Undergrad: 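If you scroll down you'll find the structure; I have some questions about it.
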Amino acid sequence: MKFNLASLLAGLIFGLGLIVSGMANPEKVLGFLDIAGLWDPSLAFVMGGAILVGLGAFALARRRTLSFLGFSMKIPASTHIDKRLVIGGLAFGAGWGIAGFCPGPGLVALGAGEIKAAIFVASMVAGMAVFEIFERRRTKT
């Protein structure tokens, strides 16, 4: 129960941050990504703020063995960059640039009832299903 409440609270804060910052607005995101056109640099401040908060949180997390909810800390330690990571990053960036949504803002916009977000989320789920099919085939061979 404690975990579910903490997850709900974290999700609400994250979603509120996405709405207030404009990250859930695809036009704002596409304006940020259009560096060769009418570039809107305001989201750079959002990302910079997120990085600063993240740096502090990760520095604190590295010193702990248990989370605030009592779970073991699972901080990614891999620094390996391979072809799958690069291709996945390129696909993620292309999808973000085409739609103006990434997963979190897409789900927030879906919750706000935006049709474009529904199409994005359905496409994202389909992409995840295709990945799962390929991953199962890859691990069988």
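This is a predicted model, so every value here is computed, not measured.
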Undergrad: What side-chain hydrogen bond (donor to acceptor under 3.5 Å, both in side chains) pairs are there with at least one residue in residues 20-41, not counting sequence neighbours?
TA: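 Residue pairs with at least one partner in residues 20-41: Glu27-Lys116, Lys28-Asp40, Lys28-Ser42, Asp40-Ser42.
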
Undergrad: Should Val29 and Leu18 be counted in the same cluster of Ile, Leu, Val, Met, Phe, Trp and Tyr side chains packed under 4.5 Å apart?
TA: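 Same cluster.
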
Undergrad: Given Lys83, which partner from the list Val86, Ile87, Leu85 fulfils the side chain to side chain contact (heavy atoms under 4.5 Å, CB included) test?
TA: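 The option that passes is Ile87.
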
Undergrad: Do Ile51 and Phe45 share a hydrophobic cluster, counting only Ile, Leu, Val, Met, Phe, Trp and Tyr and linking them when any side-chain heavy atoms are less than 4.5 Å apart?
TA: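 Result: no, two separate clusters.
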
Undergrad: To the closest 0.5 Å, what do you measure between CG (Leu38) and CG (Leu30)?
TA: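 The distance works out to 12.5 Å.
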
Undergrad: Run Arg138 and Phe134 through side-chain contact (heavy atoms from CB on, under 4.5 Å) and show every step you take.
TA: CA-CA 6 Å; Arg138 190 179 73 87; Phe134 280 112; over 6 Å; no

Undergrad: Crowded around Leu69 CG? As in, over 12 foreign heavy atoms under 6.0 Å?
TA: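 Counting neighbours around CG of Leu69, more than 12 heavy atoms of other residues, nucleotides or ligands fall under 6.0 Å, so yes.
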
Undergrad: Should we say atom CG of Leu60 is surrounded by more than 12 heavy atoms from elsewhere, each under 6.0 Å from it?
TA: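 Result for CG/Leu60: enclosed.
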
Undergrad: Is there a salt bridge (charged side-chain N to carboxylate O under 4.0 Å, His left out) between Arg84 and Glu135 once you walk through the steps?
TA: CA-CA 11 Å; Arg84 293 182 66 207; Glu135 193 66 12; 2.7 Å; yes

Undergrad: Give a yes or no on whether Met47 atom CE has more than 12 heavy-atom contacts from other residues, nucleotides or ligands under 6.0 Å away.
TA: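 It does: Met47 CE has more than 12 such atoms within range.
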
Undergrad: With the side chain counted from C-beta on, respond yes when Thr65 and Met73 share a heavy-atom pair under 4.5 Å apart, and no when they do not.
TA: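 Answer no - side chains too far apart.
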
Undergrad: What pair of heavy atoms forms the shortest contact from Phe120 to Ala99, and how long is it?
TA: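 Closest pair (atom of Phe120, atom of Ala99, distance): CD1-CB, 3.8 Å.
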
Undergrad: Taking Phe101 as the starting point, is it possible to reach Met128 by hopping between hydrophobic residues whose side chains are less than 4.5 Å apart?
TA: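 In one cluster with Met128: Phe101, yes.
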
Undergrad: Spell out, yes or no, whether Val108 and Phe32 are grouped together once hydrophobic residues are joined by side-chain heavy atoms under 4.5 Å, including indirect joins.
TA: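 In one cluster with Val108: Phe32, yes.
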
Undergrad: I'd like to know whether CD1 of Ile75 has more than 12 heavy-atom contacts from other residues, nucleotides or ligands below 6.0 angstrom.
TA: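 Yes.
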
Undergrad: Between Trp96 and Val46, is there a shared hydrophobic cluster once you connect ILVMFWY residues whose side-chain heavy atoms come closer than 4.5 Å?
TA: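 Yes: a chain of side-chain contacts under 4.5 Å links Trp96 to Val46.
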
Undergrad: Could you grab the distance from atom CG of Leu8 to atom CD1 of Ile13, nearest 0.5 Å is fine?
TA: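 Interatomic distance, Leu8 CG to Ile13 CD1, rounded to 0.5 Å: 9.5 Å.
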
Undergrad: If every non-hydrogen atom of Ala24 is compared with every non-hydrogen atom of Pro105, which pair is closest and at what distance?
TA: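 Taking every non-hydrogen atom into account, CA-CB, 3.8 Å.
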
Undergrad: Per the ring-ring contact (aromatic ring centres under 6.0 Å, His included) rule, what does the pair list look like for residues 1-24, sequence neighbours excluded?
TA: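 Those involving residues 1-24 are Phe3-Phe71.
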
Undergrad: When you look at CG of Leu55, are more than 12 heavy atoms from neighbouring residues, nucleotides or ligands closer to it than 6.0 Å?
TA: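 Yes, because the 6.0 Å sphere around CG of Leu55 holds more than 12 heavy atoms from other groups.
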
